[in-house]
Amino acid sequence: MRMAHLFGRTLREAPGDVELPSHRLMLRSGMVRPLGAGIYSLLPLGFRTVTKVEQIIREEINAIGGQEMMMPVVHPADVWRESGRYDAVGSEMTRFKDRGDRDMVLAMTHEEVVADLARQEINSYRQLPQLVYHIQTKWRDEPRARGGLIRVREFTMKDSYSLDLDEAGLDVQYRNHWRAYERIFRRCGLGFVVVGADTGMMGGSASHEFMALSDYGEDIVLICPNGDYAANQEVALFRREAAGTEAPRPMAEVETPNTTTIQKLAEYLEIPVAKTAKAVFFIGESGAFIFAVIRGDMDVNETKLRKATGERTLTPATAEQIKAIGAEPGYGSPVGVRNCVVVADESVRDTPNLVAGANKVGYHYVDTNLGRDWQADVVADIASAVAEMPCPHCGAALTAERAIEVGNIFKLGSRYSAMFGATYLDADGQSKPILMGSYGIGSGRVTATIVEQHHDDKGIIWPASVAPYHVSLVSIFTESDPAPAQACDRLYDEMLAAGIEVLYDDRAERAGVKFNDADLIGCPVRLSVSARTLANGQAEIKARTSPEAIFVPLDEAIPTVRRMIAEAMAPLNGDPIS
RNA sequence: CGGGGAGUAGCGCAGCCCGGUUAGCGCGCAGCGUUCGGGACGCUGAGGCCGGAGGUUCGAAUCCUCUCUCCCCGACCA
């Protein structure tokens, strides 16, 4: 491609309000342009890169038996009613009516369509297993799009769906995807960890997320330094200390003025925060008042609390609602409250003699004990794991890292097939539900995440596997001496003929402009020819990752470039790095 | 949805508090000349109903009301 004709120009300055490196660099390099909040056009350079990411995905999913297909973006609401998600999903799903006044939706995902197809196409165990996938536009009206291409409303996603006879078959597909995803992200040059995750709105029995570590990630993952454990903070476990052995002391009320926070209370009583009980109040979707109690040094994990209570959503309770159950904001404790579901974290059960609120302003109880002074309806793990907590397997201190979710895999089981009547007849003539799995990768998000992990202060440093072009060919010439441009024209033609992907900067720009743009766009190899190199019959070659350039005779330029590309590609073959 | 910030030329910004000639600056863009290996210089020029609608006023980019959009933090979220 000749840059003089390339649609989309580089920008010296990015709009002032962009924050993420990937967003700024993709804007500046002319890869993407915004159309609205969370809605982007891919310019030719960006489209080429995303297409390469998608091709890698395609190859690896094909390799595990995937059959590519295409499912619609617009769905009749009926299929979403059939799964129950038409009502379960909120305004994140865009609904509208067609001209015949029929309810329609813009697809956020395609489990419903696959389940509908499965019940039409699959009758017999002889037809299973199956794996289908598509790379399709999705629309999710996120409450808040952010971070350039990391979190958008319209995006392209590869999602595959497995259909199986039984759990063993589903296991195989799940593990196949796990391996395929590892290969995909390695081929893209992404550093990532696989973590256990919450199944969220998808439902189902198991889920893992592929997380790319990044300072700008929206998720937090906890990782054992020994490699024994990694999990999204939403579900992360940690090893609990042994139960305290201190003998219970009688509960007593003490005056504690102006101690509405755990911190102030601990300071006032001169005790560690771990000797206090913290009360957190929610209203569940069912309307039940959820009274969560946890030791003062820990925080309630809402995902775990939802699971422990069976509530799908939790909203913070208001002061009036808190008083209505006999508690007092700032001085709340489970001692003597009514009409609520008390959920105690294991830490509260295992730590004797905690200081808890007295449910009246300015007073706390000291030496409260679960089971004696108050009862819990549920005792469960509802604590958030944080850095430094012990690994649940080996006890080593966990680290916490921010990460971007670039892919996920779900075992859906019969969640959808049962509701859709997607069944098959087994060898004994028994009708059984097809077991499903779903597996997603956002190709735009992967691309942006690659930029997050591969850039410097000058621009993007593309892994060769996904670079829009492998070579930036830079001609440095003046009107009075067009010889370098003519030499570059020849090199360009030869590279095209040799099948080398080359972006030829043939513009009448000064050297500095061209070098800076080449660094910004970030192709792995830069080949330049100027009057100076030509005087020695040479071309200059520089890897984007290297500060040093080398000079080679003109006729060795293309073989050298080819070798450098091959070297840059070699580690990106998808195999584990030993 | 809550909190904060911003909409003035393609991009980055000033002007607004304290209303008053043709609304500025840098970059970019077009032409000419000089220059030519890390974002050159000079001259000339094009480009803006100051986000939109109402209002106050002799007069509004500037003051008031409403509204739309974008960004950031939070809530939310495969």
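Reminder, nothing fancy here: chain letters follow the sequence lines and each chain counts from 1. None of the values given here were measured: they were computed from a predicted structure.
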Regarding [X], tell me which of base, sugar-phosphate or nothing describes its non-hydrogen contacts under 4.0 Å with the strands shown.
{"X": "A/Y439", "answer": "nothing"}
{"X": "A/A531", "answer": "nothing"}
{"X": "A/R28", "answer": "base"}
{"X": "A/S528", "answer": "nothing"}

Applying a 3.5 Å limit to both distances, which nucleotide forms a Watson-Crick or G-U wobble pair with [N]?
{"N": "B/rG19", "result": "none"}
{"N": "B/rG59", "result": "none"}
{"N": "B/rC43", "result": "B/rG31"}
{"N": "B/rG2", "result": "B/rC73"}

Would you mind checking if A/R183 and A/E60 are paired as a salt bridge, meaning a charged N to carboxylate O distance below 4.0 Å? yes

Got a salt bridge between A/R2 and A/D505, using NZ or NE/NH1/NH2 to carboxylate O under 4.0 Å?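 The answer is no: the pair does not qualify as a salt bridge.
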
Heavy-atom count around A/D215 CG within 6.0 Å, excluding the residue itself: above 12? no

Spell out protein contact along nucleotides 25-30 of chain B as letters: B when the base is contacted, S when just the sugar-phosphate is, - when no protein heavy atom is under 4.0 Å; keep the 5' to 3' order. -BSS--

Between B/rG51 and B/rA9 - P atom distance, rounded Å: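 It comes out at 8 Å once rounded to the nearest Å.
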
Provide the distance between the two P atoms, one in B/rC41 and one in B/rG4, to the nearest whole Å.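 It works out to 43 Å between them.
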
Scan for salt bridge (charged side-chain N to carboxylate O under 4.0 Å, His left out) pairs involving residues 528-545 of chain A, sequence neighbours excluded, and state none if there are none. A/D456-A/R544, A/R526-A/E540

By ring-ring contact (aromatic ring centres under 6.0 Å, His included), which residues pair with A/F155, not counting sequence neighbours? none

Pick the nucleotide of RNA chain B nearest each of A/G440 and A/S480; which residue has the one closer to the 5' end? A/S480

Residue closer to the 5' end of RNA chain B, A/E218 versus A/R510 (nearest nucleotide):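 Comparing both residues, the 5'-ward one is A/R510.
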
So which of residues 511-522 of chain A are in contact with RNA chain B, with a heavy-atom cut-off of under 4.0 Å?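 Within residues 511-522 of chain A, the residues near RNA chain B are A/A511, A/G512, A/V513, A/F515, A/N516, A/D517, A/D519.
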
So, A/Y133 versus A/Y161, ring centres under 6.0 angstrom or not?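 Aromatic pair excluded; centres sit 6.0 Å or further apart.
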
Here the distance between atom P of B/rG39 and atom CD1 of A/I476, to the nearest Å, is 12 Å

Please report the distance, rounded to the nearest Å, between CD in A/E142 and C1' in B/rG74.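 My rounded result for the distance is 15 Å.
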
From B/rG38, B/rA40, B/rC76, pick the nucleotide closest to the side chain of A/K458?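 My answer, after comparing the listed nucleotides, is B/rG38.
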
Taking B/rG74, B/rC70, B/rC76 as options, the one with an atom nearest any side-chain atom of A/R144 is B/rG74

Tell me every residue that passes side-chain contact (heavy atoms from CB on, under 4.5 Å) with A/I262, counting only those two or more places apart in sequence or in another chain.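 If we apply the side-chain contact (heavy atoms from CB on, under 4.5 Å) test to A/I262, skipping adjacent residues, the hits are A/V273, A/T276, A/K278.
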
Contacts of A/S83 that satisfy side chain to side chain donor-acceptor pair (under 3.5 Å) - sequence neighbours left out: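 Side chain to side chain donor-acceptor pair (under 3.5 Å) check on A/S83 returns A/E112.
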
Check whether the side chains of A/D517 and A/T10 place a donor and an acceptor atom closer than 3.5 Å, and report yes or no.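 A/D517 vs A/T10: donor-acceptor pair found between side chains.
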
